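Numbering of ligands and ligand atoms starts at 1, following listing order. Because the structure is predicted, anything quoted here is derived from the model rather than measured.
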Amino acid sequence: MTADTLFSKIVKKEIPADIVFQDEHVTAFQDINPQAPIHILIVPNKIIPTINDVSSDDEAILGHMIVIAKKIANQTGIADKGYRLIVNCGEHGNQEVFHLHMHLVGGKPLGRILAPPAE
Ligand code: 5GP
């Protein structure tokens, strides 16, 4: 059995979170430390640690995460102006929680995706 993660405990409602959407495949909740006016995390209910761990069996769930991101973007009023979906992976990707998640961020201009390299 896979060990629980912070986010699997949120999925099972063992840890409180502001859940904005849940179905049998995915859960979406407010990021505890928002980096933009809208910052929502969308996670698969099943534990997939990182993008490196996805398999072809996960294609439907990963597609579903994007469909749900789009719905939440519409519901929160950020769809027209646009937003960003981010999935961090591993050490260089700065992933902190090893339960795959998609950040939906928007509600203000987000700038370039990466800071220019330091001189
Ligand atoms: P990562 O760097 O792994 O892509 O992003 C992890 C995200 O999870 C961060 O944006 C962080 O603010 C968020 N986070 C960490 N702990 C919690 C928590 O206990 N509850 C919620 N709702 N978000 C969390």
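With a heavy-atom cut-off of 4.0 Å, I32 touches ligand 1 through backbone and side chain alike. Proximity of L41 to ligand 1, defined as any heavy-atom pair under 4.0 Å, is confined to the side chain (atoms from C-beta onward). The residue V87 has no part lying near ligand 1, judged by heavy-atom distances below 4.0 Å.
Ring geometry for H25 versus H64: interplanar angle over 60°, hence perpendicular rather than tilted (30 to 60°).
Ligand-side atoms of ligand 1 in range of N88: 1 (P), 2 (O), 4 (O), range being under 4.0 angstrom from any heavy atom. Close contacts of ligand 1 with Q30, meaning ligand atoms under 4.0 Å from a residue heavy atom, involve 22 (N). Under a 4.0 Å criterion applied to the non-hydrogen atoms of N33, ligand 1 contributes the atoms 12 (O). In the vicinity of H103, heavy-atom distances shorter than 4.0 Å reach the ligand 1 atoms 1 (P), 4 (O), 5 (O), 7 (C), 10 (O). Which parts of ligand 1 touch E96 is read off a 4.0 Å heavy-atom cut-off, strictly below it: atoms 1 (P), 2 (O), 3 (O). Ligand-side atoms of ligand 1 in range of N94: 2 (O), range being under 4.0 angstrom from any heavy atom.
The side-chain heavy atoms of M102 and L41, taken from C-beta on, include no pair separated by under 4.5 Å. In this structure, the side chains of T50 and F98 come closer than 4.5 Å at one or more pairs of heavy atoms.
Protein heavy atom in closest approach to atom 12 (O) of ligand 1: D31 OD1, 2.5 Å. Closest to atom 6 (C) of ligand 1 among all protein heavy atoms lies H101 NE2, 3.5 Å. With hydrogens left out, the protein atom closest to atom 16 (N) of ligand 1 is L6 CD2, 3.4 Å, a heavy atom.
I51 is not connected to V43 by any chain of hydrophobic side-chain contacts under 4.5 Å among Ile, Leu, Val, Met, Phe, Trp and Tyr, and they are in different clusters.
No close placement of the F29 and F21 rings is indicated, their centers lying 6.0 Å or farther apart. Taking the six-membered ring where the residue is Trp, the centroids of H99 and H101 are separated by 6.0 Å or more.
Counted by atom type alone, Q35 and K108 present zero donor-acceptor pairs between their side chains at under 3.5 Å.
Proximity of a side-chain donor or acceptor of D18 to a complementary backbone N or O of Q30 within less than 3.5 Å is not detected. When atom types are taken as modelled, the side chain of S8 and the backbone of D4 share no donor-acceptor pair closer than 3.5 angstrom.
Checked by distance only, ligand 1 and H39 stay at 3.5 Å or farther apart across all their nitrogen or oxygen atoms. Between A17 and ligand 1, no N or O atom pair is found at a separation short of 3.5 Å.
The number of heavy-atom neighbours closer than 6.0 Å to NZ of K71, taken from other residues, nucleotides and ligands shown, is 12 or below.
Within the set F7, F98, F29, the minimum heavy-atom distance to atom 8 (O) of ligand 1 is found for F7.
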